[in-house]
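The structure appears right after this line, and notes come after that.
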Amino acid sequence: MYSTMRLTLLLLAMAAIASARPIVRHIKSTHEFDRMMKKHSTQTGLPVIVDFYSDGCGPCRMIAPIFKKLAKEMEGKAVFVKVDTNAMHELSSRYGVRSLPTFKFFLGGKKVNEFSGAGEGQLRQFTQQVIQQSEFENVMLPMENLVKYYGEKDASKSEEDVAKVYNSCVDKVKGDNPDKLCVGGVAQKLVKSLKKKYGDGPSTEKRFEPVEPSPAEDGGAAPDGGNTKQQSKQSRGKSGAPNLHLATKEQLMIEIEKRLDAERDAQVEDEDDDEAEFEHSWTPSDFPERVTIIGGGPAGLSAAIYAARAGLRPVVVAPPMGGQLQGKGVDVENYPGLFNVTGPAVVSLMRQQAVAYGAIFEAETVIEIDTSVRPIRVKTNSSTIETHAVIVATGAESNWLNVKGEYEMRGGGVSSCATCDGHMYRGKHVLVVGGGDTAMEDALVLARTSESVTVIHRRDSFRASKVMAQRVIEHPSINVRWNTVLSEILGKASDAEDATEDGENVDLDAPVSKVVSGAVLKDVDTGEETTIECGAVFVAIGHTPSTSFLEGVVEFNPDSAGYVLNQGTSTRTSVPGIFSCGDVSDSIYRQAITSAGSGAAAALDAERWLSEEGLGNEEAEFEAEMLAELMADVGGESESFNVYEESGGKMTGMKESMAAEL
C-alpha cells in the first residue's frame with residue numbers, strides 16, 4: 001500500500017516538471033537511442049540525423065555549430081542527435097563508425113545515407129534529401145478508402161480481393177509497422193499504379209500528424225514532432241489526467257518508466273550546448289572593417305588578441321575551433337607557460353582571450369580575396385566582408401600518400417587524425433606513416449588504446465625532435481620499420497550491419513563499403529614487398545599551406561611551393577594591406593609558438609600600416625562628425641538663451657538675493 005502511494009506521489013511530482021526540448025539531443029545510452037529510433041519510426045515519421053563525434057576531434061568541433069544551425073533551420077522537419085563515440089562504444093561498433101565526424105541519416109528506423117568528414121555541403125544536401133523522402137512517404141492508404149475506391153471503379157472486385165491487394169501492400173512495407181498498415185512509398189506506388197489503370201487513384205491520408213505538446217498530460221515532455229492516427233487514447237479522469245489511484249503497481253511502474261523517458265527527452269543539456277559557438281558573431285556594417293583575420297589557429301588567434309587590444313575590433317573568419325593544434329591528443333609540452341594542457345584546450349583559451357578584448361568571429365571558409373577594389377573584399381560561402389587590412393593565418397592541410405586504396409578507404413580506416421579516430425581501433429594493429437613530430441605524437445596517442453603500433457618511415461632515422469623520437473623508439477607497444485614505404489592499402493568489405501532489432505538489413509542495393517585490412521610495404525633498399533595486417537592506417541607525412549584562395553593575388557615563395565612570400569623580416573606581402581603569418585609563410589619552423597609570435601607581429605604590422613595610410617575607425621569618426629554638427633547647431637541657438645528669462649524672471653541668483661536683503 002505504502003509503496004503504491006510513494007509511486008503515485010513520484011508520478012505526480014514528475015508531472016509538474018516541464019522543460020524545453022534541446023535543438024540537438026545528446027544521446028546518453030544505447031537504450032535511449034533505440035527508444036528514440038523506434039519512436040520516430042512509428043509515432044512521428046521524422047528522419048533522424050545522427051552526428052557521431054568526439055570532443056578531441058578538431059573537424060567535429062568545426063562542424064558542430066553548423067550542425068546546430070541546420071537543426072534550427074529544420075526544426076520540426078527532422079530530429080538531430082549527437083553520439084559521443086568515446087562514451088557510446090556499442091553504438092559506434094553497431095553502425096561501423098571508423099572516422100570522425102560521421103553523419104548517418106535514418107528514416108523509418110533504417111539508414112538511408114551516410115558520409116564522413118566536416119562537409120557542410122554534404123550535410124545540407126543529405127538532410128534535404130532525407131526530409132523530402134520522409135514527406136513523400138508520410139502517406140497512408142486506409143482499407144476503407146481502398147474498398148470504397150474499388151466499389152466505384154471495379155465492382156467485380158470482392159472484399160476478399162481488395163483485402164489481398166491491401167495485405168500485399170502491407171507485406172511490402174519495410175521497417176516497423178506494428179499496426180499492419182499500407183503506408184509509405186509502397187502506398188504511393190499502389191496509388192500510382194491504380195491511377196494509371198483507372199484514371200485516378202484512391203484517396204490517401206497523412207500517416208503522421210504534428211501535435212502540440214501538452215505538459216499537463218505528459219509531465220512536461222514535448223513530443224519530437226508528431227503522432228499517429230492509430231494510437232489509442234489512455235484512460236483518463238475528468239481532468240484529463242491519468243487515473244493513477246486506480247492503477248496497479250505494475251501499471252504505475254510502466255508509467256514511471258514512460259515519464260522518466262519523456263523527462264530525459266525534454267531535458268536541456270547546458271553542458272553540451274553549442275550555443276556559445278554563435279556568440280560574438282560578425283554582422284554586416286555600413287562601414288568597412290579595419291582588420292580581417294583569416295584563420296583560427298595559434299597564429300590567427302594571437303593576431304586577434306593583439307589587434308583587439310589595439311582597439312581594431314578584428315573579424316576572425318574561421319571555424320569556431322581550428323588549427324593543427326586542435327588535433328593534438330597529447331599534452332602541449334613545448335609552449336612556455338603551458339603544462340598538462342592539450343591542444344584543444346589551448347585553442348579554446350586563445351579564443352576566449354580574443355573575445356574578451358573585443359574580437360568578433362565569422363564561422364565561415366574564405367573562398368576568394370578581391371584586391372581590385374579598396375576596401376579589400378573577403379568573400380566566403382555566404383558573405384562578403386569589406387576590410388582595409390587582411391591577415392592570412394590559414395595554416396596547412398594534411399598531405400596524403402596518393403597510393404592505391406587510400407582515397408577509397410578514407411573514413412574506413414584511413415585517417416590523418418589519430419586523436420579523432422584512434423579510439424575506433426581499440427585493441428587492433430594500426431600503422432603510422434611518417435617520421436616527424438606529428439607522426440610521433442600520433443603513434444604515442446594510438447599506443448594508449450591499440451594492441452600495437454607500427455611506424456613506417458622511409459629513412460633510417462626520424463626527423464622529429466629527439467625527445468619525441470626517443471619516446472616512440474622506447475615504447476613497448478610501438479615497432480618501427482626503417483627504410484620502408486607504404487605502396488598500397490588493402491581492404492575488405494565492411495562486416496558492420498546496420499540492422500534493426502528484428503535483424504533486417506539495410507538496402508542491399510547500396511554500394512558495399514570497404515575497410516582497411518592490411519597494407520603492402522616496400523623496402524627502399526632492396527625493393528622487396530611484404531604484406532602486413534592492420535585495422536587502420538594513419539598518414540602523418542607533413543602538411544601543405546592552405547593558400548589556394550591567394551593564387552593570383554600575392555606572390556609565393558619560389559623556393560617553397562605554396563608558401564606566401566613575405567617582404568624582408570616583416571609579415572607584409574606583395575600586396576599592400578595583406579599580411580601573412582604562421583604556417584602559410586613559415587616553411588622552416590612550423591611550430592605553434594612561432595606561429596603565435598608571427599601572428600602578433602602581423603597584428604603590429606597591420607596596425608602600423610593602417611596608421612601610415614590614415615585609415616582609422618570610420619564608424620566612430622562618422623559618429624563624432626554627426627555629434628559635432630549637432631552641437632554646433634545647438635550652440636548657435638544658445639547664444640541668446642537665458643535661463644532666468646526662460647523661467648519668467650522669478651529666479652534670482654545669489655548676488656541679487658543678497659542685495660535685496662541689504
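Side-chain contact between I293 and V317 is absent, with no heavy-atom pair separated by less than 4.5 Å. The shortest distance between side-chain heavy atoms of F549 and I294 falls below 4.5 Å. Between L446 and F538, some side-chain heavy-atom pair lies under the 4.5 Å cut-off. Using a 4.5 Å heavy-atom cutoff, the side chains of I27 and K82 are not in contact. In this structure, the side chains of R124 and L70 come closer than 4.5 Å at one or more pairs of heavy atoms. Using a 4.5 Å heavy-atom cutoff, the side chains of E618 and H388 are in contact. Taking the side chain as every heavy atom from C-beta outward, F115 and K104 never approach each other to under 4.5 Å. Residues V414 and V516 are in side-chain contact: their nearest non-hydrogen atoms beyond the backbone lie under 4.5 Å apart.
Under the 3.5 Å distance criterion, the side-chain polar atoms of T573 are matched with a main-chain donor or acceptor of I578. Panel note: side chain Q591, backbone Y589; a donor-acceptor pair is recorded below 3.5 Å. In this structure a side-chain-to-backbone donor-acceptor pair under 3.5 Å is missing from R458 to G434. At distances below 3.5 Å, not a single donor-acceptor pair connects side-chain atoms of S383 with backbone N or O atoms of T380. Under a 3.5 Å cut-off, the side chain of D583 and the backbone N or O of D586 do not form any donor-acceptor pair. Between the side chain of T371 and the backbone N or O of I376 there is no donor-acceptor pair closer than 3.5 Å. Between the side chain of S570 and the backbone N or O of Q567, at least one donor-acceptor pair lies under 3.5 Å. Checked by atom type and distance alone, the side chain of Y425 pairs as donor or acceptor with a backbone atom of R98 at under 3.5 Å. Distance alone, capped at 3.5 Å, is enough to place a donor-acceptor pair between the S302 side chain and the A596 backbone. At distances below 3.5 Å, not a single donor-acceptor pair connects side-chain atoms of T544 with backbone N or O atoms of N399.
Judged purely by distance below 3.5 Å, without hydrogens or angles, the side chains of H423 and S54 never pair a donor atom with an acceptor atom. Side-chain atoms of S348 and Q352 form a donor-acceptor pair, as typed in the model, at a separation below 3.5 Å. Between the side chains of N566 and T571, no donor-acceptor pair of N or O atoms lies under 3.5 Å. Using modelled atom types and a 3.5 Å distance limit, the side chains of T394 and S546 yield no donor-acceptor pair.
Screening residues 587-610 for salt bridge (charged side-chain N to carboxylate O under 4.0 Å, His left out), with sequence neighbours left out, gives D605-R608.
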Exercise. Carefully, step by step, assess F103 and F52 under the rule ring-ring contact (aromatic ring centres under 6.0 Å, His included).
Key: CA-CA 6 Å; F103 297 92; F52 290 90; 9.1 Å; no
Quiz item: Can you list the steps and then say if T387 with T292 is a side-chain hydrogen bond (donor to acceptor under 3.5 Å, both in side chains)?
Solution: CA-CA 6 Å; T387 181; T292 296; 3.2 Å; yes
Quiz prompt | Worked verdict on R290 versus N617 for side chain to side chain contact (heavy atoms under 4.5 Å, CB included) | solution = CA-CA 7 Å; R290 282 169 286 175; N617 188 340; 3.3 Å; yes
Quiz prompt | Worked check of side chain to side chain contact (heavy atoms under 4.5 Å, CB included) between T365 and N381 | solution = CA-CA 7 Å; T365 300; N381 290 316; 4.1 Å; yes
Quiz prompt | CA sep, side-chain torsions, deciding dist, call: S99, S116, side-chain hydrogen bond (donor to acceptor under 3.5 Å, both in side chains) | solution = CA-CA 6 Å; S99 181; S116 297; 4.7 Å; no
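Centroid-to-centroid, the aromatic rings of Y563 and F556 stay 6.0 Å apart or farther. Ring to ring, Y53 and F67 are not that close: their centroids are 6.0 angstrom or more apart. When ring centroids are compared, F622 and F287 come within the 6.0 Å threshold.
Closest heavy-atom contact between A603 and A303: CB-O, 3.5 Å. Across all non-hydrogen atoms, the minimal contact from A540 to T438 is CB-CG2, 3.9 Å. Closest heavy-atom contact between V24 and A71: CG2-CB, 3.8 Å. For the residue pair A592 and P298, the shortest heavy atom distance occurs at O-CB, 3.8 Å.
In summary, E364 and K379 do not engage in a salt bridge, as defined by a charged side-chain N under 4.0 Å from a carboxylate O. Between E612 and R572 there is a salt bridge, since at least one side-chain N of the basic residue sits less than 4.0 Å from a carboxylate O of the acidic one.
Judged as a salt bridge (charged side-chain N to carboxylate O under 4.0 Å, His left out), and not counting sequence neighbours, E406 has no contacts.
The one candidate from V453, V455, L486 that meets the side-chain contact (heavy atoms from CB on, under 4.5 Å) condition with L431 is L486. Checked options V432, L444, T454; the residue passing with I478 is L444 (criterion: side-chain contact (heavy atoms from CB on, under 4.5 Å)).
Within 6.0 Å of atom CG in D286, 12 or fewer heavy atoms from other residues, nucleotides or ligands are found, so the atom counts as exposed in its surroundings. Heavy-atom contacts from other residues, nucleotides or ligands closer than 6.0 Å to CD of E555 number 12 or fewer.
Note on ring orientation: taking the six-membered ring where Trp is involved, the planes of W609 and F579 are perpendicular (angle over 60°, cut-offs 30° and 60°).
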